[in-house]
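Working notes, structure below.
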Amino acid sequence: MSDCIFCKIIAGQIPSTKVYEDEWTLVFKDINPVAPTHLVAIPKEHFAAIHDVPAHKMEAMQKFLEALGTTVREQNLVSGGYRVVINSGEHSGQLVPHLHAHILAGRDLSWPPG
Ligand code: 5GP
Ligand code: ZN
């Protein structure tokens with residue numbers, strides 16, 4: 001989508017600090033980190049949210065989950081633990097309507113989340 005911030009990051013029109021990229025997925029550092037490690041993983045195809053991904057696009061979700069696993073291994077987050085958060089809709093606090101997963105690590109993460 002032409003007016004989507006994350007699509008612009010994928011297109012290189014907005015700079016980002018990339019930590020992982022393949023054909024399907026991009027992972028970059030969050031511009032406003034809320035944990036010592038705060039990464040944002042996005043599928044390169046624009047979906048507004050999980051509930052907007054059609055059944056015939058599930059290969060993108062498989063690749064997305066694989067990229068999350070690769071990223072947490074490569075970034076050495078496995079031993080200390082990490083949290084993956086996907087906000088969807090108003091009450092969740094989702095600001096960017098391009099499906100994305102936050103990867104949070106490096107401190108104790110409270111539960112239940114606020
Ligand atoms: P949401 O609230 O939609 O789940 O999370 C969106 C996240 O994207 C926020 O944590 C915010 O800091 C991050 N973000 C928004 N715009 C940019 C940007 O231009 N660059 C980067 N690196 N992160 C962004
Ligand atoms: Zn987008």
Side-chain angles (χ1 to χ4, degrees):
M1 277 178 68
S2 59
D3 61 345
C4 170
I5 291 172
F6 287 173
C7 283
K8 287 181 178 172
I9 286 177
I10 292 164
Q13 294 163 358
I14 294 176
S16 68
T17 304
K18 297 176 184 178
V19 301
Y20 176 86
E21 182 170 20
D22 65 24
E23 178 187 348
W24 297 84
T25 303
L26 176 64
V27 185
F28 52 92
K29 292 186 178 179
D30 197 291
I31 203 170
N32 184 24
V34 299
T37 298
H38 186 173
L39 308 175
V40 178
I42 56 177
K44 288 190 172 178
E45 182 163 355
H46 181 97
F47 307 106
I50 293 175
H51 56 266
D52 281 322
V53 181
H56 70 280
K57 293 289 187 179
M58 284 302 153
E59 186 178 10
M61 297 298 95
Q62 178 184 336
K63 299 296 186 182
F64 186 61
L65 286 176
E66 287 179 12
L68 286 171
T70 300
T71 298
V72 298
R73 286 193 300 271
E74 287 184 353
Q75 299 296 313
N76 297 313
L77 304 179
V78 174
S79 61
Y82 60 90
R83 181 173 294 167
V84 175
V85 176
I86 299 178
N87 293 320
S88 300
E90 182 184 348
H91 282 174
S92 76
Q94 182 183 17
L95 295 174
V96 181
H98 179 130
L99 172 60
H100 56 279
H102 298 258
I103 302 172
L104 302 165
R107 65 168 171 80
D108 286 337
L109 299 161
S110 63
W111 192 265

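Since this is a predicted model, take the numbers as computed values, not measurements. Side chains included, hydrogens not; waters and symmetry mates left out as well; all remaining heavy atoms used. All residue numbers refer to positions in the sequence shown, counting from 1. In each ligand, atom 1 is the first atom listed, and ligand 1 is the first ligand listed.
To the nearest 0.5 Å, the span separating CG on N87 from NE2 on H100 amounts to 6.0 Å. For the atom pair OG1 of T17 and NZ of K29, the computed distance is 6.0 Å after rounding to the nearest 0.5 Å. Atom CG in L68 sits 5.0 Å away from atom CD1 in I103 (nearest 0.5 Å). To the nearest 0.5 Å, atom CD1 of residue I42 and atom CD of residue E21 are 9.0 Å apart.
Nearest protein neighbour of atom 9 (C) of ligand 1, counting heavy atoms only, is D30 OD2, 3.3 Å. Counting protein heavy atoms only, atom 3 (O) of ligand 1 is closest to L95 N, 2.6 Å. Looking from atom 19 (O) of ligand 1 to the surrounding protein, the closest heavy atom is I5 CG2, 3.8 Å. With hydrogens left out, the protein atom closest to atom 2 (O) of ligand 1 is G93 O, 2.9 Å, a heavy atom. Among protein heavy atoms, the minimum distance from atom 22 (N) of ligand 1 is reached at K29 O, 2.9 Å.
Distances shorter than 2.8 Å separate the Zn ion (ligand 2) from the protein N/O/S atoms C4 SG, C7 SG, H46 ND1, H98 ND1.
Residues I5 and I14 meet the side-chain proximity criterion, which asks for heavy atoms closer than 4.5 Å. Residues L39 and Q75 meet the side-chain proximity criterion, which asks for heavy atoms closer than 4.5 Å. With a 4.5 Å cut-off on side-chain heavy atoms, H46 and I10 do not count as touching.
Using a 4.0 Å cut-off to heavy atoms of F28, the atoms of ligand 1 that qualify are 21 (C), 22 (N), 23 (N). Listed by atom number, the atoms of ligand 1 under 4.0 Å from H102 heavy atoms are 1 (P), 4 (O), 5 (O), 7 (C), 10 (O). Remark: ligand 1 atoms within the under-4.0 Å shell around heavy atoms of N32 are 12 (O). For ligand 1 and N87, the ligand atoms under 4.0 Å from any heavy atom of the residue are 4 (O).
Within the set H38, K18, Q94, H100, the minimum heavy-atom distance to atom 5 (O) of ligand 1 is found for H100. By heavy-atom distance, the residue among L99, T17, I31 lying nearest atom 17 (C) of ligand 1 is I31.
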### Task
Any chance you could lay out the side chain to side chain contact (heavy atoms under 4.5 Å, CB included) test for E59 and W24, step after step, and finish with the verdict?
CA-CA 9 Å; E59 186 178 10; W24 297 84; 3.6 Å; yes
### Message
Under the criterion side chain to side chain contact (heavy atoms under 4.5 Å, CB included), I'd like the reasoning laid out for E45 against V53: C-alpha separation, chi angles, the key distance, then a yes or no.
### Response
CA-CA 10 Å; E45 182 163 355; V53 181; over 6 Å; no
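Considering backbone and side-chain atoms together, I14 places no N or O closer than 3.5 Å to any N or O of ligand 1. Of the polar atoms of F6, none of the N or O atoms is found under 3.5 Å from an N or O of ligand 1, judged by distance alone. In terms of polar-atom proximity, P15 is not counted as a contact of ligand 1, lacking any N or O under 3.5 Å from an N or O of the ligand.
Between the R83 side chain and the H102 main chain, no donor and acceptor come within less than 3.5 Å of each other. Checking side-chain atoms of K44 against main-chain N and O of A60 turns up no donor-acceptor pair under 3.5 Å. Checking side-chain atoms of H98 against main-chain N and O of P43 turns up a donor-acceptor pair under 3.5 Å.
In this structure, I9 is part of the shell of residues with a heavy atom less than 4.0 angstrom from ligand 1. Within the structure, ligand 1 lacks S16 among the residues with a heavy atom less than 4.0 angstrom away.
Surrounding OH of Y82 are at most 12 heavy atoms belonging to other residues, nucleotides or ligands under 6.0 Å away. In this structure, E90 places its CD atom where only 12 or fewer heavy-atom neighbours from other residues, nucleotides or ligands lie under 6.0 Å away.
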